[in-house]
Structures are given as C-alpha cells and as structure tokens.
Amino acid sequence: MNNFLELYNQFVELVKEGDEEKIRSFLVDNIDRFPDNLKRDIVGILFEEAVDRTYDDLKNQIDYFTQILETKNSLENIKRTLEDKKREMEIKKRIMEEF
Amino acid sequence: MAIEKYRYKKQQERLKKNELTEELAGPSTAEILQKPALSELLYLALEEKGNLQLVEKLAGGKTLTQEEFMTVDNLRTTVIEALNKSREVIDLLKPETITIIASKSRNFGNLVKHLGIERTKSFLGDYLTRLMVANPDKFQNLRDKLSKTKEAETTLKTINQELKQFAENYNIPESELSEALASYDPAEALRKTIQGHLGKIDIIRNWLGRYEFMRNKGIGKDIVGDRLEKLNKIGEIDAELENINGYLQEIGGMIGNSVFVNEKGREWLSRALRGNTLESQEMGMSFLEAGKELDSAENLNREFEEFLSEKSAEEKKQIDWGNTNSEERNKLIEEFLNRKYKSKAKGGLMRLIIGMVKKTLENLRT
C-alpha cells in the first residue's frame, strides 16, 4: 500500500476510535507525510484554534487582574478619603479642646 | 483579450499618475489564470459563488463568453484583495507573536517546532488568502482577534507593571501560588485558589457597595460623601480603616501570587481561569465530527465505481477509466467530490477532509 493510502486508513481508524486528541496528535506527528495543500490546511486550522485560545487567555487574565486592581484602587481611594476626614476631625477636636 | 489589454493600459496610466501602487494594482486576470497558485484562488472564488461550470471551462482551457470573462475579471479584485489582506496579517505575525500563540496550543506548538517559524508562516499565508476568498467574515474575525491579542499583550504588560509596583510598595512575599504549583494537581489547586480570590473580591466589592463606590469608579471623593457624613466619630473611622487595611492585605496576597508567577505558572493560571484543565476540552473545532464524513479507502473506491456507472448512464456512454487522461480523471474526481459533499458547509475542516478524500482517490485510481 502506498504511503498516503496507509496514512488515510490510519486516520479513518483513529476517527472510529473516537479520541479527538489522538487525531490531532496524529496529524501533527505525520505532517511530513501530507501533501503541501493538506499541510497548509492542518497548519491553518490549528493556528485558528491557537489564536482563539491565546485571545481568550489574555482576555481572561486581563479581566482577572483588572478586577483585582480596580478593587485595590477603590479601597486605596476610600482609605485616603477616610484618613483626610479623620485628620480633619482630629484638628477640630484639638481646636475645641484648646478653647 | 481586447478588454484585458484595455484594462492593462488604463492600469498603467493610473500607475504613472500615482493613483495606484504596483502592489494594489496586483496581477492581471491573464497572469492570475497563468499562475496555478493564483488560478486556484480564482477557482475557489468561483466555487464559493457556485459557478462550477466556469471553473471547469477555465481548467479545461476553453474559450469564455464575454459575460464569463467579465465574471472572471470582477473576481480578480477578490483575489488581489485576499492576497493583500493576508499579507497584512502575516506582517502582524512577528516571531515573538507566533511563539506566544504556539505556547497556547500543544499541537500548534509542535507544528511550529517541527516546521520552523518561516515555513509555518508560508503555509499560513496561503491558508489565510484562501480563507479570505472563501469566508471573508471568518478571516476578518481572525484578523481582529490577532490585533486585539497584540493590544492585550501590551495591556497585560502595563497591568503587570502596576501589580509589581504594588507588590513592591506593600513588600508582598511569594506565597499561595508556589504552594499550588508544587501540589499534586497544580491546575486544580490553582483553580481553587483563583476561585477563592474571585469570591473574596466579590465580598470586598459588596462591602465597598455601601460607599456606592464601585458604580462610580475612580471618582471616590464625590461619591463617598453620604457615607462619610454618617461617620461622626474617630473610632468609627478607625474601624473602617482597619477593615480597608485588612482587605488591602488580602488583595496584596492575590497580587503577590500573580506577580511572582513564572511562564509555566501563567499557563496554569490561564487554564484555571478558563475553568477546566483538560486539553481536549479546550478545543474549538471537532476533527472527530468532520472525520465522520470519511469512508475507508475500500468503501470510497466502491462508491467511486458506482459514481462512474451512474455517470456513464447519465451520458449514455460507458466511461472507460483506463482510457481517460489525467485532466478527465481530475474532472471526474472533482465531480464525484462535488456530488458527495454538496450539502456540506465548506469550512476549513471540511476542506481538509475533502482534500484527504481527493488525494486518496488519486492514489487509488492510478
């Protein structure tokens, strides 16, 4: 049997087995046995998926860190405001005591 | 040909007037038809428009009618636009960007390792040009995601800088994250840690809600007025400050975890934020589903024989495969594939499957 027919039959068998990850690994591990037009499609399809994942990952990380940072900034702003108010109250108290 | 000459002359005149750059002008229709890599794109554009007859005529080198020539000439713009736009995307793909994308997918990462960045880019250039011709919306979506990914990288760098600054200001040590990463199941441990963080953030935000602060990000002083009015004793303010300091301490811990994480840790963090840890669950497209369209080589051959019999009956002439030339064989295989996959949407995966079937038939029938 020639090289590509063997490759094709192996691929069909893997599909029957029903393991998505094995199918992907098979395509990657055997990339050199595919003609260029099929190599191009395999590279392109896996690239599209990887871009989706990269984008989602970065977005998730930004959302996560932004939540943390926004909360931290809010706390720091309120802290500053409360400290200002406390200082103001302490000054008023001191003035009241002096008079 | 007269139309083509006229258009070429006009194009040259516009080039001289600098109305067009050579790149935008692109190859002429004649050049597209002569170069296999370009004519394939034209055929793809025609296929997408359902004009398979014209593809056959062009592939067979038959004379076109005036109307057909105009159709082909109009699609020249589609081909040139696809070439230019895919080049723009390829230009976005600097080696470091490809490395980042490759790090997010084991399979794509292994391909890049095996083929090398330049060869990967070359395949991607062809793939993206075809994607632009066959599915411009999907192409646009991919291009947008790539641009946003680059923006997100910059945003994340800025955020990291701010986190590092905070960690320095509060003298925050490395803690929970390294423990999570060292555990038996780091992804699960990290997922729990992050869920804990997000739960805590919710509690803090609820607490902040009494200052109506979260709804008015960044303009605290104006908004906290009402609440402040109610705090009339220094002791009350101290109690609030104690709460705030406690919360800042907790956030400091979360930030410390984020700042000290290494690249591997970032990957675990991504997985934890994604909400699952299994590679197979993270896949967007199903090769398995598309692969169900495949028959064994033996069945495929049998099906092709049936097609040849049907075709012979339709044409009332026995097709003798042994006496057909390569062009006729290719045409028959193409027709078989068009009939077999007529009702299927031709996305990237389906094109791969059809390509595999075609190559198998070519091997079986020679």
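Values reported hereafter were calculated over all heavy atoms of this structure, with side chains retained and with hydrogens, waters and symmetry mates removed.
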> Between Ala297(B) and Leu5(A), which heavy-atom pair has the shortest distance, and what is it?
Replying inline: CB-CD2, 4.4 Å
>> For Lys233(B), which atoms come within 4.5 Å of any heavy atom of chain A: side chain, backbone, both, or neither?
In response: backbone
> So what's closer than 4.5 Å to chain A heavy atoms on Leu361(B): side chain, backbone, both or neither?
Replying inline: neither
> How long is the span from the NZ atom in Lys200(B) to the CD1 atom in Ile68(A), to the nearest 0.5 Å?
Replying inline: 13.5 Å
> Would you call Lys79(A) and Glu240(B) a salt bridge, using N to O less than 4.0 angstrom?
Replying inline: no
>> Taking side chain as everything from C-beta outward and backbone as N, CA, C, O, which of these in Leu38(A) sits under 4.5 Å from a heavy atom of chain B? Side chain, backbone, both or neither.
In response: both
> With a 4.5 angstrom heavy-atom cut-off, which part of Glu90(A) approaches chain B: side chain, backbone, both or neither?
Replying inline: both
>> Taking side chain as everything from C-beta outward and backbone as N, CA, C, O, which of these in Glu40(B) sits under 4.5 Å from a heavy atom of chain A? Side chain, backbone, both or neither.
In response: side chain
> Between Val43(A) and Phe108(B), what is the shortest heavy-atom contact and its length?
Replying inline: O-CE1, 4.0 Å
>> Show the nearest heavy-atom pair for residues Thr149(B) and Thr54(A), with the distance to one decimal.
In response: CG2-CG2, 3.7 Å
>> I need the minimum non-hydrogen distance between Ile353(B) and Phe11(A), along with the two atoms involved.
In response: CD1-CE2, 4.2 Å
> Does the side chain of Glu49(A) pick up a donor-acceptor pair with the side chain of Ser105(B) at under 3.5 Å?
Replying inline: no
> Where on Asp19(A) is there a heavy atom nearer than 4.5 Å to chain B: the side chain, the backbone, both, or neither?
Replying inline: backbone
>> Is there a side chain to side chain donor-acceptor pair (under 3.5 Å) between Asp32(A) and His114(B)? Walk through the geometry before answering.
In response: CA-CA 9 Å; Asp32(A) 288 332; His114(B) 183 76; 2.6 Å; yes
>> Under 4.5 Å from any heavy atom of chain A, what part of Leu300(B) do you find: side chain, backbone, both or neither?
In response: side chain
> What do the steps show when you test Lys359(B) against Phe34(A) for side-chain contact (heavy atoms from CB on, under 4.5 Å), and what is the final call?
Replying inline: CA-CA 9 Å; Lys359(B) 181 77 184 160; Phe34(A) 286 95; over 6 Å; no
>> For Asn243(B), which atoms come within 4.5 Å of any heavy atom of chain A: side chain, backbone, both, or neither?
In response: neither
>> Is Lys59(A) close to chain B through its backbone or its side chain, or both, or neither, when contacts mean heavy atoms under 4.5 Å?
In response: neither
